[in-house]
Amino acid sequence: MMSLSGNVSASLVSTITSRDSINITSSSSAKLLSFGRADSITGHQFPLARSYSSTKRGRNVTPLKVVCVDYPRPDLDNTSNFMEAAYLSSIFRASPRPSKPLNIVIAGAGLAGLSTAKYLADAGHKPILLEARDVLGGKVAAWKDKDGDWYETGLHIFFGAYPNVQNLFGELGINDRLQWKEHSMIFAMPNKPGEFSRFDFPDVLPAPLNGIWAILRNNEMLTWPEKVKFAIGLLPAMLGGQPYVEAQDGLSVQDWMRQQGIPDRVTTEVFIAMSKALNFINPDELSMQCILIALNRFLQEKHGSKIAFLDGSPPERLCKPIVEHIESLGGQVRLNSRIQKIELNKDGTVRNFLLNDGNIIKGDAYVFAAPVDILKLLLPEDWKPIPYFKKLDKLVGVPVINVHIWFDRKLRNTYDHLLFSRSPLLSVYADMSVTCKEYYDPNRSMLELVFAPAEEWISRSDSDIIDATMSELSRLFPDEIAADQSKAKILKYHVVKTPRSVYKTVPDCEPCRPLQRSPIEGFYLAGDYTKQKYLASMEGAVLSEKFCAQAIVQDYDLLAARGEVIAEASLV
């Protein structure tokens, strides 16, 4: 393990005296010891910002004492993007209270649907949120297995460059649930098994100097001539701003790099890892706009690339507080409420949502906040020729697989951080027994890994996926993991397959992303695939729902009058 360096803003220190459209499957090869809420990283002593300690004794383990330390939350509140996001949130709280609150039916309790309901409730309306499954979160859903351990739809990271998400945490009073890590990006070295290369962002420098310094200081991944060519290639993006970024949507990452004269090795060394982390596909498929949006945020904001892990499962630690907020303001959240059909009035507007159980849900307005693939399945025939809906054909969810493996020992060649594997089959991974408080274990590691690209693997058996994962892990942990389990042994695993995740950000998709207000009166869309300036991400989902909620608030008079007409017609 490389030594941790730079300014500390979160860590943990321990002293140890001895050594549905988502398919979920699991296997167990041994009975698991109960997991504790602790971890060990030896040899690093950090100043305590907020800490707790625990002493526990496990079977065949001598007593240990663990002290956990969180990195301080970075100073995000004074950035222009954070203040812009905060202002957008304040509009809903400050808007005039409606004389007759609208009943707004929202399909999908992922982050987009939950946040849409939250901000509409803030504006004085009564959202009715419908979720098809029995779990909150959509793409951030998670489940508990029979041992009480959580496994998730994806490995979710919260960046400093997520101003709307960061505002949401603050508005809910749960900022302390984010565990911030040191400001670094850490890449495995395929040609040096077991070694890592770091980009460390110094806290003393402002953006973009801290990012430039991080790149210049790393001499293991790129040569100086490659860095210079890369910097020159990026100049048009830095000078052209957002208009230039949007104009690059027609090029793949690979094509753009070659057009700018940047050596292919820059793509293979750095941007394969970034492409798979951002959209689960390789640089020859990914739109360059996606990379430039991320680079723009990471280089222009001092803490933009700083990451945090949620301190527990997303449904409990993030989604549940949103639900509690919605319900405290008179809104409703209903699980196991799958939509069978969007039924229309004679004029083509929505009459109601018909559920699988036969129930009919009516509202003054309707929001579809489920993934674009589900929307296309439920789209009424009368709407399909409309250009607004027809252009959705190009937006297709990308397959992704999330793998969780519990080992019989504590792995040492890891970090309290997100790691870029640079593996042909794996994207990013983390030892969640180190990075997440609720998953801490001082004696066992649980690796959570994103298996991508997954298109050729989504239909393969779980045992095939685990075998392939173990083969890749043997390169990342050559002294600790062998493909045949002759070293670290698997106690159990869970494989979560999502055949259609975020939309596949291939070139020329940007014009196909719809605005949140549809041409159908009273019908709106929310989701990270809708038009907003961020990626297909948690930040994009939250920003999209703010735009959706804002459109509904702006349309209040029209929707209220429409409701009165419908009510009068029903009495005739």
Side-chain angles (χ1 to χ4, degrees), residues 1-11 41 71 74 76 155-162 178-192 194-223 226-227 230-231 234 253 265-280 283 286 290-309 413-423 426-431 434-435 448-450 452 476 535 537-539:
M1 178 190 293
M2 294 176 60
S3 61
L4 300 181
S5 60
N7 295 320
V8 172
S9 32
S11 175
I41 293 183
Y71 285 70
L76 304 172
L155 180 53
H156 301 290
I157 303 302
F158 298 82
F159 284 99
Y162 282 3
L178 287 177
Q179 292 183 256
W180 291 94
K181 307 303 178 184
E182 60 177 330
H183 198 170
S184 301
M185 299 183 77
I186 306 173
F187 292 77
M189 300 291 286
N191 298 326
K192 299 178 181 178
E195 296 187 21
F196 296 87
S197 182
R198 300 170 58 102
F199 292 88
D200 294 313
F201 295 71
D203 193 53
V204 295
L205 294 178
L209 296 179
N210 63 341
I212 294 172
W213 178 264
I215 294 170
L216 294 179
R217 288 279 293 176
N218 183 301
N219 295 315
E220 296 163 312
M221 292 177 65
L222 299 178
T223 65
E226 288 166 344
K227 292 177 188 178
F230 178 45
L234 276 180
V253 175
R265 220 180 70 85
V266 175
T267 303
T268 57
E269 287 295 298
V270 178
F271 287 100
I272 282 182
M274 284 194 67
S275 296
K276 294 203 294 183
L278 290 170
N279 199 239
F280 313 126
L286 183 67
C290 184
I291 290 285
L292 290 176
I293 288 172
L295 287 177
N296 188 37
R297 297 274 65 82
F298 290 170
L299 290 175
Q300 297 302 323
E301 300 176 29
K302 180 176 179 178
H303 303 294
S305 56
K306 195 178 179 82
I307 70 166
F309 284 75
N413 194 35
T414 188
Y415 286 87
D416 179 15
H417 215 286
L418 178 74
L419 301 169
F420 292 83
S421 76
R422 299 175 73 208
S423 148
L426 303 177
S427 171
V428 291
Y429 70 97
D431 186 343
V434 175
T435 60
E448 184 172 346
L449 312 106
V450 178
L476 296 169
L535 311 168
S537 61
M538 292 184 287
E539 173 67 12

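Below, each value reflects all heavy atoms present in this structure, side chains not excepted, and no hydrogens, waters or symmetry copies.
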Closest non-hydrogen contact found for N218 with K227 is O-NZ, 2.6 Å

Aromatic contact, F271 with F230 (centres under 6.0 Å): yes

Rounded to the nearest 0.5 Å, the CG atom of L418 sits from the CG atom of L155 at a distance of 6.0 Å

What is the minimum heavy-atom distance between Q179 and T435, and which atoms define it? OE1-O, 3.4 Å

Where is the tightest heavy-atom contact between A214 and D200, given as atom of each residue plus distance? CB-O, 3.3 Å

Can you see which heavy atom on E220 is nearest to which on R198, and at what distance? OE1-N, 4.1 Å

Show your working on side chain to side chain contact (heavy atoms under 4.5 Å, CB included) between F420 and V270 and close with a plain yes or no. CA-CA 10 Å; F420 292 83; V270 178; over 6 Å; no

Heavy-atom pair of closest approach, residues F159 and G304: CB-O, 3.6 Å

Checking the side chain of H417 only, and the main-chain atoms of I186 only, is there a donor and an acceptor separated by less than 3.5 Å? no

May I have all residue pairs that pass side chain to side chain donor-acceptor pair (under 3.5 Å) and include part of residues 291-301, sequence neighbours excluded? N81-E301, R297-E301

Does the K181 side chain pair with the main chain of F309, one donor and one acceptor, at a distance under 3.5 Å? no

Taking only Lys NZ, Arg NE, NH1 and NH2, and the carboxylate oxygens of Asp or Glu, determine whether R422 and E269 approach each other closer than 4.0 Å. yes

F199 and F187 aromatic ring geometry - parallel, tilted or perpendicular at 30°/60° bounds: perpendicular

Say you draw a straight line from CE of M274 to CG of N279; how long is it, rounded to the nearest 0.5 Å? 12.0 Å

T268 side, atom OG1; M221 side, atom CE - distance, nearest 0.5 Å: 9.0 Å

dist L222:CG -> R265:CZ (nearest 0.5 Å) comes out at 6.0 Å

Could you grab the distance from atom CZ of F298 to atom CD1 of I291, nearest 0.5 Å is fine? 9.5 Å

Sidechain-backbone polar pair: S421 side chain, L426 backbone, donor-acceptor under 3.5 Å: yes

Under 3.5 Å: donor-acceptor pair, side chain of K306, backbone of W180: no

Residues at least two apart in sequence or cross-chain that pass salt bridge (Lys or Arg N to Asp or Glu O under 4.0 Å) with R217, listed by chain then number, are none

Donor-acceptor pair, side chain of K302 and main chain of P74, under 3.5 angstrom: no

Do P206 and L209 come within less than 4.5 Å of each other through their side chains, counting heavy atoms only? yes

Close side-chain approach of L234 and L292, heavy atoms under 4.5 Å: yes

What's the separation between atom CD1 in I212 and atom CG in L299, rounded to the nearest 0.5 Å? 7.0 Å

In terms of heavy-atom contacts, Y429 and L476 come closest through CE2-CD1, 3.7 Å

